[in-house]
Structures are given as C-alpha cells and as structure tokens.
Undergrad: 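Before we start, here is the structure in question, set down as structure tokens.
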Amino acid sequence: AIFENEEVELVRLTSCAGEYGITAGHTPNVSQLAPGVAMVYKNKDAEPETFFVSGGFAFMHPDSTLDVAAVEAVPLEDLDPRAVEQQLAEARSAAASAAADSVE
C-alpha cells in the first residue's frame, strides 16, 4: 500500500470517463481507471504526491475511504522518460511486425 490509514485532502484520478477529484463525503462509487497520473494532496496547500497508474479500479466507500486497485502505481519521479520512450518504441515495433493471427 502506498497510503494506508492516512487522511488526505484530495485525490485526483484519471478514469475512463475523464479526470476527477475525490474528497471526504464524495458519493460512493466504483470507477474504472485509465492509464494516467494520480495526484494525492495531503492538504490543500501542499504539492501533490504524483504517481503513474497503469489502470485499474477506484472504490469510494460510504465512510469516505478510497481504495485504488491497480496493477502498477509508480511515483513519477521514479520514471525515466527516455527508458519509457524506448520501451514504447520497442512495443510499437513488435506490434507492427506481428502476424495478423499472432497472439503477441
């Protein structure tokens, strides 16, 4: 867990329907997350802690707790933009050269 049993002011997430913010008292819901940046504000005057989230689900509970289930959640400062660009180029190249009936 990145944050467990910690109170925060605001969490901003990217869902399949767009970006949204969650505060205490938010309507309970379940959202499918799209790949994007999650921002956690411990208080309204602080800079947010930022994470790349690969996708998943966010569960807002009636007691104002939030669970985010994601395959990957990485602090943005831990990502190397050049390595990401290189891996993306490699993945695109592999996809472009795969046979039409391939499972790759």
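Just so you know, these numbers use all the heavy atoms, side chains as well, and skip hydrogens, waters and symmetry mates. Counting from 1, the numbers follow the sequence of the chain as shown.
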Undergrad: Which class fits the ring pair Tyr20 and His26: parallel under 30°, tilted 30 to 60°, perpendicular over 60°?
TA: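 Tilted.
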Undergrad: For Ser64 versus Gly25, what's the shortest heavy-atom pair and its separation?
TA: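 Taking Ser64 first and Gly25 second, the nearest heavy atoms are OG-N, 2.8 Å.
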Undergrad: How close do Pro62 and Pro28 get, heavy atom to heavy atom, and via which atoms?
TA: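 Where Pro62 meets Pro28 most closely, the heavy atoms are CA-CG, 3.7 Å.
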Undergrad: How long is the span from the OG1 atom in Thr50 to the CE atom in Met39, to the nearest 0.5 Å?
TA: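 With rounding to 0.5 Å, OG1 (Thr50) is 8.0 Å from CE (Met39).
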Undergrad: Could you name each residue pair satisfying side chain to side chain donor-acceptor pair (under 3.5 Å) that touches residues 69-78, not counting sequence neighbours?
TA: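 Qualifying pairs: none.
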Undergrad: Taking the side chain as every heavy atom from C-beta outward, state whether Leu33 and Val68 have any pair of such atoms under 4.5 Å apart.
TA: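 Result yes, sub-4.5 Å side-chain heavy-atom pair found.
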Undergrad: State, yes or no, whether a side-chain contact exists between Leu76 and Val37 at a heavy-atom distance under 4.5 Å.
TA: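 SC-SC contact between Leu76 and Val37 confirmed.
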Undergrad: Around atom CD of Glu47, are there more than 12 heavy atoms from other residues, nucleotides or ligands closer than 6.0 Å?
TA: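 Result for CD/Glu47: open.
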Undergrad: Please write out which residues are connected to Phe57 in a hydrophobic cluster, directly or through intermediates, given that two of Ile, Leu, Val, Met, Phe, Trp, Tyr count as joined at side-chain heavy-atom separations below 4.5 angstrom.
TA: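 Direct or chained contacts put Phe57 with Val30, Phe59.
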Undergrad: I'd like to know whether Thr65 forms a side chain to side chain donor-acceptor pair (under 3.5 Å) with Asp63, so could you lay out the CA-CA distance, the side-chain angles of the two residues, the decisive distance to 0.1 Å, and finally the verdict.
TA: CA-CA 6 Å; Thr65 58; Asp63 65 357; 2.6 Å; yes
Undergrad: What is the distance from atom OG1 of Thr14 to atom CZ of Phe52, rounded to the nearest 0.5 Å?
TA: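 Between atom OG1 of Thr14 and atom CZ of Phe52 there are 9.5 Å.
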Undergrad: With sequence neighbours left out, write down each residue that passes side-chain contact (heavy atoms from CB on, under 4.5 Å) with Leu10, or none if nothing qualifies.
TA: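 So Leu10 forms a side-chain contact (heavy atoms from CB on, under 4.5 Å) with Arg12, Thr23, Tyr41.
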Undergrad: Which pair of heavy atoms, one from Thr27 and one from Met60, lies closest together, and at what distance?
TA: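 Shortest heavy-atom contact: O-CG, 3.8 Å.
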Undergrad: If you group Ile, Leu, Val, Met, Phe, Trp and Tyr by side-chain heavy-atom gaps below 4.5 Å, do Ile2 and Val74 land in one group?
TA: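 No, because Ile2 and Val74 fall into different hydrophobic clusters, even though each may have its own neighbours under 4.5 Å.
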